[in-house]
Participant: 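So that we are looking at the same thing, I have put the structure below in structure tokens.
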Amino acid sequence: MRNLVTGGAGFIGSHLCRALLDKGEEVICLDNLSSGQIRNVQVLEAYARFSFIESDITDHIQIEVDRIYNLACPASPPFYQSDPIKTTKTSVLGSLNLLELAATSGARILQASTSEIYGDPLEHPQSETYWGNVNPIGIRSCYDEGKRVAETLFFDYMRQEQVEIKVVRIFNTYGPNMRPDDGRVISNFITQALTNQPLTVHGSGQQTRSFCYVDDLVKGLISVMNSAADLTGPFNLGNPNEFKIIELVELIRELIGEGIQVTFRPLPQDDPKQRRPDINLAFNTLGWQPVVALEDGLPQTIAYFKERIASV
Ligand code: NAD
Ligand code: UDP
């Protein structure tokens, strides 16, 4: 298999590239390095079947591949909000470009969509049949609505152009290869704790998220890509164990140090109050479910950040 992984220099993309290479497949990673890290790519250059193209998915792409995993898009609120117009372009124009490539080359294409398409959900847990509660004009909209349009494009290319599509909705995922300045809650809390800074809790910390370890998520991505042609999704992929942000603080204290301080910050606009995936569809059709508990994934993530901080 010849795979194009867009966003392969990013956190999840780099793990996906490695997993595909370890299966003996060929990987072409395309990334503009806007929120990714060149170090994530450099370690993959040890594989002869790996190549890297520094490029942008909003630019025309001509390449012969069997499969396309589209992960290119900044995923952390500080990154996707730093240039919101570019974020929407990445999801909309980037998806259009890649779908055209799939239509002309016959490649199968998977879209990394997101639980953000459910917005601040009124249904809990969220199943794939829920249409969501999304603010179309807020500061998160460039990401949420961009990803929603991308899903629309995927299904229209399937119906109109007979493109073989797969759509996965990823819930909060964490693990090694995240940037220390990524800005998401787990990377923030770990880097703050390791550098003796107070943990920045937004709001009262009563909002919930469900955290999936990256190895579980990558198995889900590959399983969806390899599924029968009629299994388009959307598939929720995430860990259904739900935690309050304030409970995450306690876990970090247990793992890094009881003396860790906390500082409370205002809750950002449109911050979802709760989020937990219903993963019955992925489990019943693919047999996929996460196996790494937060208590087991966090130590591996902490070890990675320790090494990153020590090497600066
Ligand atoms: P990340 O920011 O680490 O990776 C995204 C990668 O895409 C980066 O390497 C970045 O440089 C690249 N990129 C951004 N815009 C691009 C463009 N226009 N052209 C080419 N490359 C571009 O984020 P991540 O956490 O690894 O997320 C990967 C994908 O999974 C994203 O599409 C994200 O929306 C989706 N996702 C992630 C999560 C999560 O919790 N990590 C949750 C839901 C969805
Ligand atoms: N959050 C927090 N402190 C931080 C970063 C994030 O309390 O330093 C909160 C954030 O407001 C949200 C939750 O943690 O309620 C998850 O945030 P993240 O950015 O990781 O993911 P998302 O909001 O996109 O699910």
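In listed order, ligands and their atoms are each counted from 1.
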Participant: Examine the side chains of Ser113 and Gln111 and answer whether a donor and an acceptor come within less than 3.5 Å of each other.
Facilitator: no
Participant: Relative to the heavy atoms of Arg184, which atoms of ligand 1 are at a distance of less than 4.0 Å?
Facilitator: 23 (O), 24 (P), 25 (O), 39 (C), 40 (O), 41 (N)
Participant: Can you measure from CG (Asn3) to OH (Tyr69) and round to the nearest 0.5 angstrom?
Facilitator: 5.5 Å
Participant: For Val185, which part has a heavy atom under 4.0 Å from ligand 2: side chain, backbone, both, or neither?
Facilitator: both
Participant: May I ask you to identify, for Ile186, whether its side chain, its backbone, both or neither come under 4.0 Å of ligand 2 on a heavy-atom basis?
Facilitator: neither
Participant: I'd like to know if Gln192 contacts ligand 2, where contact means a heavy-atom distance under 4.0 Å to any ligand atom.
Facilitator: no
Participant: May I ask whether Ser115 has any heavy atom positioned less than 4.0 angstrom from an atom of ligand 1?
Facilitator: no
Participant: Please list, in number order, the atoms of ligand 2 under 4.0 Å from a heavy atom of Val201.
Facilitator: 7 (O)
Participant: Any N/O of Gly36 closer than 3.5 Å to an N/O of ligand 1?
Facilitator: yes
Participant: Can you find an N/O atom of Asp56 closer than 3.5 Å to an N/O atom of ligand 1?
Facilitator: yes
Participant: Atom 38 (C) of ligand 1: which protein heavy atom is closest, and how many Å away?
Facilitator: Ile170 CG2, 3.8 Å
Participant: Check contact between Glu116 and ligand 2, using heavy atoms of the residue and a distance below 4.0 angstrom.
Facilitator: yes
Participant: Among Gly175, Ala9, Gly8, Cys73, which residue places a heavy atom closest to atom 5 (C) of ligand 1?
Facilitator: Cys73
Participant: Might you confirm whether atom NZ of Lys89 has over 12 heavy atoms from other residues, nucleotides or ligands at distances under 6.0 Å?
Facilitator: no
Participant: Which ligand 1 atoms, with their elements, are less than 4.0 angstrom from a heavy-atom of Asn172?
Facilitator: 40 (O)
Participant: Less than 4.0 Å is my threshold; does some heavy atom of Pro77 fall inside it relative to ligand 2?
Facilitator: yes
Participant: Distance only, no hydrogens: is a donor on one side chain within 3.5 Å (strictly under) of an acceptor on the other, for Asp22 and Tyr47?
Facilitator: yes
